[in-house]
There are 2 protein chains.
Amino acid sequence: MDDKRERKLKILNSIIRDYIETAEPIGSRTIAKKYNLGISAATIRNEMSDLEEMGLLIQPHTSAGRIPSQKAYRLYVDELMKISNLNQGLKNEIRDGYSQYVEEIDKAIKHTAKVIAQLTSYTSIVSLPEMDTLNCKHVQLVPIEDERVLMVVVTKENIIKNYELKLSKKVNDSELNKLSNILNHIVKGSAFENIGKDLTQKINDLTLKENELLQEVVPLFKEILLNRKKNSVYSNGVTNILNYPEFFDIVKAKGFLDIIEKKNKIAEVLNQVSKGSLNIVIGSENTVSEFKECSLITATYSLNGKNIGSIGVVGPVRMNYDYVVSVMNFLSSELNKQLNKEEKAKGDDIG
Amino acid sequence: MDDKRERKLKILNSIIRDYIETAEPIGSRTIAKKYNLGISAATIRNEMSDLEEMGLLIQPHTSAGRIPSQKAYRLYVDELMKISNLNQGLKNEIRDGYSQYVEEIDKAIKHTAKVIAQLTSYTSIVSLPEMDTLNCKHVQLVPIEDERVLMVVVTKENIIKNYELKLSKKVNDSELNKLSNILNHIVKGSAFENIGKDLTQKINDLTLKENELLQEVVPLFKEILLNRKKNSVYSNGVTNILNYPEFFDIVKAKGFLDIIEKKNKIAEVLNQVSKGSLNIVIGSENTVSEFKECSLITATYSLNGKNIGSIGVVGPVRMNYDYVVSVMNFLSSELNKQLNKEEKAKGDDIG
DNA sequence: GGTTAGCACTCATGATTAAAGAGTGCTAAC
DNA sequence: GTTAGCACTCTTTAATCATGAGTGCTAACC
């Protein structure tokens with residue numbers, strides 16, 4: 001009985017591999033000729049009929065061969081595919097590519113996105129870490145004009161962010177400088193997610209004449225850091241998708257391009273990624289309807305063991321899962337190493 | 001003799017207008033029926049034959065009607081088209097749309113790009129002002145890590161830019177603060193293009209213990225402001241182009257999308273725009289080969305009478321020139337007004 | 001009983017052909 | 001100079017047909 005299943009899966013495997021490569025339905029005769037499985041076309045035909053009954057194959061029309069169903073891809077991904085390793089030369093090349101981004105997390109992540117898109121020839125999407133997952137290293141207020149002030153935030157992870165504030169009154173340069181120093185002193189070293197708790201109290205402990213202004217900055221600070229999120233995503237290789245027949249239809253192509261532009265939709269997709277190794281979402285398994293004709297392979301990256309963002313690949317359902325998985329496996333582990341290495345180096349530096 | 005030319009142009013005008021609308025070749029009979037020019041199809045036929053001889057019409061094949069040549073579009077743009085005015089309601093709406101961007105030149109320009117893309121349904125491209133065309137209001141050095149320093153520059157035009165510097169040695173916060181103050185004092189108010197001349201001298205006049213570091217920052221300052229340019233462009237409505245039959249071919253579509261991504265190519269196109277009112281470049285008139293199947297309508301914007309950037313529209317050669325010109329006329333004048341208004345307000349404020 | 005050869009049947013695909021229709025150019029009449 | 005008429009061209013569309021890939025079933029085979 002197990003032997004039977006074995007053979008069916010072998011055939012299914014051939015069909016899926018073939019379809020991923022050619023995007024064309026395949027028939028029993030062709031399978032028999034192309035992949036020598038040691039059985040005749042007629043036998044394959046019988047098995048294919050069974051596989052169709054099991055919901056694993058689909059016949060586009062009576063005489064067109066069969067293509068894998070989504071269920072088949074799921075089975076393939078879960079049981080059948082053999083994940084290979086990238087060759088060592090490529091691995092080294094990728095590793096070297098990171099060298100210049102060691103100290104800047106955002107750039108390292110964008111670089112990862114670029115590499116993924118290049119290697120896979122699909123479209124990569126990544127989320128950049130939200131501020132509330134990071135730690136504050138330095139805050140600086142810079143005057144723009146009258147009551148408009150720029151707040152520059154440098155995180156411990158060397159991410160730099162600018163935020164504009166509007167105070168209630170005009171502040172001159174030296175006042176602002178003083179304010180900046182005080183604020184910096186207070187928030188320096190805190191995790192942003194704790195700033196809510198910490199900050200208000202710390203300020204209350206102080207009794208300074210700048211207190212009034214400070215009181216004003218704090219809620220702005222909090223609001224900005226916590227509300228301006230869920231949209232920091234980045235994509236690469238968007239037009240790669242136009243190379244696949246699935247998207248030769250201009251309407252579908254436009255649909256895809258438009259959805260990739262929608263940062264909030266991409267963020268939604270990337271936020272669903274659960275921690276752990278790789279997530280594979282196939283076609284209609286996608287909860288975001290715009291991706292129902294795509295497959296997604298995503299992974300998370302973390303800092304200090306805390307999950308702070310995701311990287312992913314979007315491609316046609318007929319995706320080269322083996323290869324993409326091997327790419328993502330290597331790149332996500334490599335990215336995590338890079339981030340940790342940085343952490344470690346810094347730790348060494350301080351300690 | 002002039003009457004004859006007149007009639008030919010009338011026919012040509014009808015053909016061009018029709019082709020812009022339908023993207024289909026048009027024949028004499030159809031013209032006679034659709035546009036009542038008071039002459040018969042046969043007469044139109046003769047005239048069309050003449051127009052073809054003059055290089056203004058093209059026959060895709062013997063029995064397919066005719067389409068305008070690029071020469072025809074050029075003639076149309078130069079002599080034939082009637083530029084209408086946008087209706088007052090729309091104008092007001094556009095004006096109102098600027099209100100929130102009054103104080104920030106970059107945002108106002110990006111907003112303009114968005115409005116252009118929306119109104120025209122083509123793709124808009126704009127160049128953002130290069131630093132060397134602007135004036136320095138404030139410089140602030142912010143510590144990142146060890147010898148790495150962030151330089152935040154605020155221009156008089158309220159553009160905010162971040163640059164990373166790498167100094168030769170580690171600088172602590174208070175040193176950096178002092179350095180920042182001195183630097184700020186020196187460069188405040190200067191036009192960036194003069195910083196080369198001014199700065200070195202001003203520093204030589206000073207004899208401070210910070211002089212050494214200062215000497216180091218200056219060349220970095222100059223290099224950054226002058227070399228990091230020609231790539232600050234922005235586009236909007238890229239996928240709009242996929243709505244036009246000229247780009248239904250996936251290869252052409254991909255070509256277009258890819259070229260819009262190439263910031264340097266876009267910058268090249270936008271830098272060629274000569275000052276003055278509107279520039280119209282039709283098809284193969286384009287020196288940048290990738291745009292040989294597109295038309296471009298561009299305009300410049302200026303600050304204090306100095307040309308500091310361009311805005312433009314890219315569309316198929318079969319572009320709705322009248323309308324796009326009217327849109328661009330209004331938007332470029334409006335953008336210039338916004339920029340000048342800001343300048344004025346600031347002048348009042350200071351004086 | 002599973003496997004396979006053989007065969008009739010289905011149906012998309014591609015080629016071929018035919019008809020339709022839009023348009024042209026020319027001629028002759030107005 | 002203008003226009004009606006007409007023959008001719010050539011694309012487009014539909015229709016017809018042959019091809020071939022593929023299926024499912026049956027019967028023979030091991």
Side-chain angles (χ1 to χ4, degrees), chain A residues 1-12 14-16 18-19 21-69 72 245 248-249, chain B residues 1-12 14-16 18-19 21-69 72 245 248-249:
Chain A
M1 197 61 195
D2 237 27
D3 270 10
K4 271 178 141 179
R5 180 161 196 268
E6 194 80 4
R7 192 173 71 175
K8 277 192 174 45
L9 292 186
K10 232 178 207 160
I11 293 170
L12 184 62
S14 298
I15 295 175
I16 293 176
D18 197 84
Y19 189 68
E21 198 191 322
T22 66
E24 297 288 339
I26 185 166
S28 54
R29 243 179 84 78
T30 317
I31 296 172
K33 264 189 287 179
K34 202 163 168 184
Y35 308 86
N36 27 4
L37 304 174
I39 41 177
S40 77
T43 311
I44 294 174
R45 205 143 55 231
N46 291 331
E47 297 288 34
M48 282 172 84
S49 184
D50 291 355
L51 285 166
E52 187 174 1
E53 222 166 77
M54 292 159 75
L56 293 167
L57 291 181
I58 294 169
Q59 250 183 322
H61 50 261
T62 328
S63 64
R66 290 181 169 93
I67 62 173
S69 70
F248 282 0
D249 176 14
Chain B
M1 198 60 196
D2 239 27
D3 269 11
K4 270 177 141 180
R5 182 163 194 268
E6 194 79 4
R7 193 173 71 177
K8 277 192 174 46
L9 293 186
K10 231 177 208 159
I11 293 170
L12 183 63
S14 298
I15 295 173
I16 294 176
D18 197 85
Y19 188 68
E21 197 190 324
T22 66
E24 296 289 340
I26 185 165
S28 54
R29 245 180 82 79
T30 317
I31 296 172
K33 264 190 286 179
K34 202 164 169 185
Y35 307 85
N36 29 3
L37 303 175
I39 40 178
S40 77
T43 310
I44 293 174
R45 205 142 55 232
N46 291 331
E47 297 287 35
M48 282 172 84
S49 183
D50 291 354
L51 285 167
E52 187 175 2
E53 223 164 78
M54 293 160 73
L56 293 167
L57 291 181
I58 293 168
Q59 250 183 323
H61 50 261
T62 330
S63 66
R66 289 180 170 95
I67 63 172
S69 69
F248 281 1
D249 176 14

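Order of the sequence lines sets the chain letters (A, B, ...), proteins ahead of strands, with each chain counted from 1.
If you measure from atom CD1 of B:Ile26 to atom P of C:dT24, you get 10 Å, rounded to the nearest angstrom. Atom-to-atom, CD of B:Glu24 to C1' of C:dG21 comes out at 14 Å; the value is rounded to the nearest Å. Atom CE of B:Met48 is separated from atom C1' of C:dT24 by 9 Å (rounded to the nearest Å). For the pair A:Ile39 CD1 and D:dC29 P, the computed distance is 22 Å after rounding to whole Å. When rounded to the nearest whole Å, the span between NE2 of B:His61 and C1' of C:dG21 equals 11 Å. Per the geometry, CD1 belonging to A:Ile44 stands 14 Å off C1' belonging to C:dA5, to the nearest Å. Atoms NZ (A:Lys8) and P (C:dT3) sit 9 Å apart, rounded to a whole Å. Here the P atom of nucleotide D:dA21 and the CD1 atom of A:Ile15 are 18 Å apart, to the nearest Å.
Residues B:Glu47 and B:Thr62 both approach DNA chain D. Their nearest nucleotides, taken by heavy-atom distance, put B:Glu47 toward the 5′ side. For the pair B:Arg45 and A:Ala64, both in contact range of DNA chain D, the more 5′-proximal nearest nucleotide belongs to B:Arg45.
The A:Thr30 side chain lies nearest to D:dG22 when the options are C:dC11, D:dT9, D:dG22. Closest to the side chain of B:Arg66, from the set C:dG25, C:dT3, D:dT3, is C:dG25. Across C:dT4, C:dC11, D:dT23, the shortest atom-to-atom separation from the side chain of A:Thr43 is found for C:dT4. Which of C:dG25, D:dC10, C:dA12 sits closest to the side chain of B:Gln59 comes down to C:dG25.
At a threshold of 4.5 Å between non-hydrogen side-chain atoms, the residues A:Ile11 and A:Tyr35 do not count as touching. Considering only heavy atoms from C-beta on, A:Thr43 comes within 4.5 Å of A:Arg7 through its side chain.
Contact detail for B:Ser40 and B:Ala32: the closest heavy-atom pair is C-CB, 4.4 Å. Contact between A:Ile31 and A:Met48 at its shortest, heavy atoms only, is CD1-SD, 3.9 Å.
Going from atom CZ of B:Arg66 over to atom CZ of B:Arg45 covers 9.5 Å, rounded to the nearest 0.5 Å.
Pair assignment for C:dA29: D:dT2, on the basis of Watson-Crick or G-U wobble contacts that are both within less than 3.5 Å. Under the Watson-Crick or G-U wobble criterion, with both distances below 3.5 Å, C:dC11 is paired with D:dG20.
Donor-acceptor pairing under 3.5 Å, judged by distance alone, is absent between the side chain of B:Arg29 and the base of C:dG23. Remark: the A:Ser63 side chain and the C:dC11 base include a donor-acceptor N/O pair separated by less than 3.5 Å.
Between D:dT23 and A:Ser28, a contact under 4.0 Å exists linking OP1 or OP2 to a side-chain N or O.
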